[in-house]
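Heavy-atom basis, side chains included; hydrogens, waters and symmetry copies ignored.
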Amino acid sequence: MVKRFHVTGNCVPGKHYMVDTSNKIEKIITDYIQPGCYFTMNRARQYGKTTTLNLLEQRLKSDYIVLHLSFESADEYFKSSLNLVEGLIMDISDSLQHQNVSSEIIQEWNSPVSERFPMRTLGVRITNLCRECPKDIILMIDEVDKSSDNQIFLSFLALLREKYQKQLLEKDSTFKSVILAGVYDIKNLKLKFHPDQESKNNSPWNVAVDFLIDMSFSAEDISTMLREYEEDYHTDMGIDTMSNLLYGYTSGYPYLVSRICQLIDERIAGSSVFPEKKDAWTKAGFLDAIRILLKESNTLFDDMIKHLYEYPKLGYMIKNILFQGVRYTFEADSQIISLGIMFGFLKEKNNTVIIANRIFETKLYNFFLSEEEGREQFQIVPDISGNQFIVHGMLQMDLVMKKFYEYFESICGNSEDKFIEEEGRRIFLMFLRPIINGTGNYYIEAQTRDKTRTDIIVDYRGQQFIIELKLWKGQQYHHNGQIQLAEYLEFYHADRGYLLTFNFNKHKKTGISESVCNGKRILEVIV
């Protein structure tokens, strides 16, 4: 069977190229299952939760009875407590039959439910099942946040909690371990159903331990998938180089890693520019896959945009991070920060909130910039007629910078509006984007982005351009900026860079000049 990269539905060993997560699976078993922990596996959408549960089930089923359920298409279960109980009894009965549990146990499990006390009936059934089965029972429920009535689900959680606590006192028998998987943390379920109302963190799931397993892929993890692919196709790709590229752009977000690989294998390889697989599995092929990914509509990006509209405060925070260089201190109890991290858009680094990865960052920039293009105050449309910025397929970055200078001076040069000072970087990106759109990529170096400095890296058909954007803070600060850019160019093995300085002083001196700093040639533009 020919294996493929897979991003829709469950990944299956033997059918799909997959990262080897066996170490993570073993750690979940030793740290959580064997000690009998109850926990929630809440991670962002398409983060490998279902695949992890499937692999965990396969690993556990020789030693345990595993009840693997899903609420993905169970809306009718949450119309009443009776519906939920009867639905769970049917699903668990199905699972017991597939694991060769005795017919007597299954028959008792399937006996009629009390219509007056359905939850009480379910509790008794769980007790009897766990006492009579020859093996300990693990309960897994995927898509737990798909329930349409929060209160009924909370009642179910309360039942599980009560039985867990009684079992600790040896007054009851219940599941050895319970795993609930979904995007939303159980304590934040209210946010999903009533995003405009005040949050009430009253979930009865305080028996759950913190799930600390990192489900993102490291560069080393990614290399296990690429090695498997390389054994089949012998592309002579640099596995370590390609793994680091994938990690560098995705920070190990499982869907993004697999989707980029899928694009390289199925869309880039065989194209006129990259006719063979060995041609596609290169940095140039990788960057072409990034270009396609950022232009496409997929469920992950659609979900991202939907959440930005649902939670405007989250969008406001992200825009401040991207365009203003605002640094937000990480605070786990902040509702907006926790939402951004839960959705996978944000992450914590050195006690600061940052965008989770380069792909998300560029997608968010593109989204916000596309919205800004409709504003009447600035119609930032560079003259791209005649392809003046592209010569023989190569981007003329010197011309881009010079034309931006002309544009900015004519439109904004004499303005003393504070808005211009705050929006300078956004204006430059709105000018740059249509020039490289469809062929090139850009991203912002997060480590250097703050209120006074931003480094933009542009990739265009194998060329790489480093542009530093700064606010004018005096001559010495400007000189330091030249040194910083030279050091950055050295890191990227580039000989030429670009320094764009926004000077909003009343007696400013603007213009374009060339300089050399530490052996690096720099085109300087001051507007």
Q. Looking only at side chains, do Ser22 and Asp20 share a donor and an acceptor under 3.5 Å apart?
A. yes
Q.
Just by distance, no angles: are the side chains of Asn244 and Thr241 close enough, under 3.5 Å, to form a donor-acceptor pair?
A. no
Q) Can a donor-acceptor pair be found between the side chains of Asp221 and Ser218 at a distance below 3.5 Å? A) yes
Q: Classify the ring geometry between Phe211 and Phe39 as parallel (under 30°), tilted (30 to 60°) or perpendicular (over 60°).
A: parallel
Q.
Just by distance, no angles: are the side chains of Tyr77 and Asp91 close enough, under 3.5 Å, to form a donor-acceptor pair?
A. yes
Q) Just checking, is any N or O donor in the side chain of Asn366 or Tyr442 under 3.5 Å from an acceptor N or O on the other one? A) yes
Q. So Phe5 and Tyr17, would you call those rings parallel, tilted or perpendicular, with 30° and 60° as cut-offs?
A. tilted
Q. Charged N to carboxylate O below 4.0 Å: is that the case for Asp63 and Lys135?
A. no
Q) Are the side chain of Glu361 and the backbone of Ile444 linked by a donor-acceptor contact shorter than 3.5 Å? A) yes
Q) Among side-chain atoms of Gln99 and Ser95, is any donor-acceptor pair under 3.5 angstrom? A) yes
Q: Quick one: which residue pairs count as a salt bridge (charged side-chain N to carboxylate O under 4.0 Å, His left out) with a foot in residues 93-108, not counting sequence neighbours?
A: none
**Q.** Residues that Arg45 engages under salt bridge (charged side-chain N to carboxylate O under 4.0 Å, His left out), provided they are two or more places apart
**A.** Asp303
(Q) In terms of relative ring orientation, are Tyr38 and Trp205 parallel, tilted or perpendicular, with 30° and 60° separating the classes? (A) tilted
Q. Got a sec, which residues hit salt bridge (charged side-chain N to carboxylate O under 4.0 Å, His left out) with Lys27, two or more places apart in sequence or on another chain?
A. Asp31
Q. Going by distance alone, is a donor N or O of one side chain under 3.5 Å from an acceptor N or O of the other, for Asp142 and Thr50?
A. yes
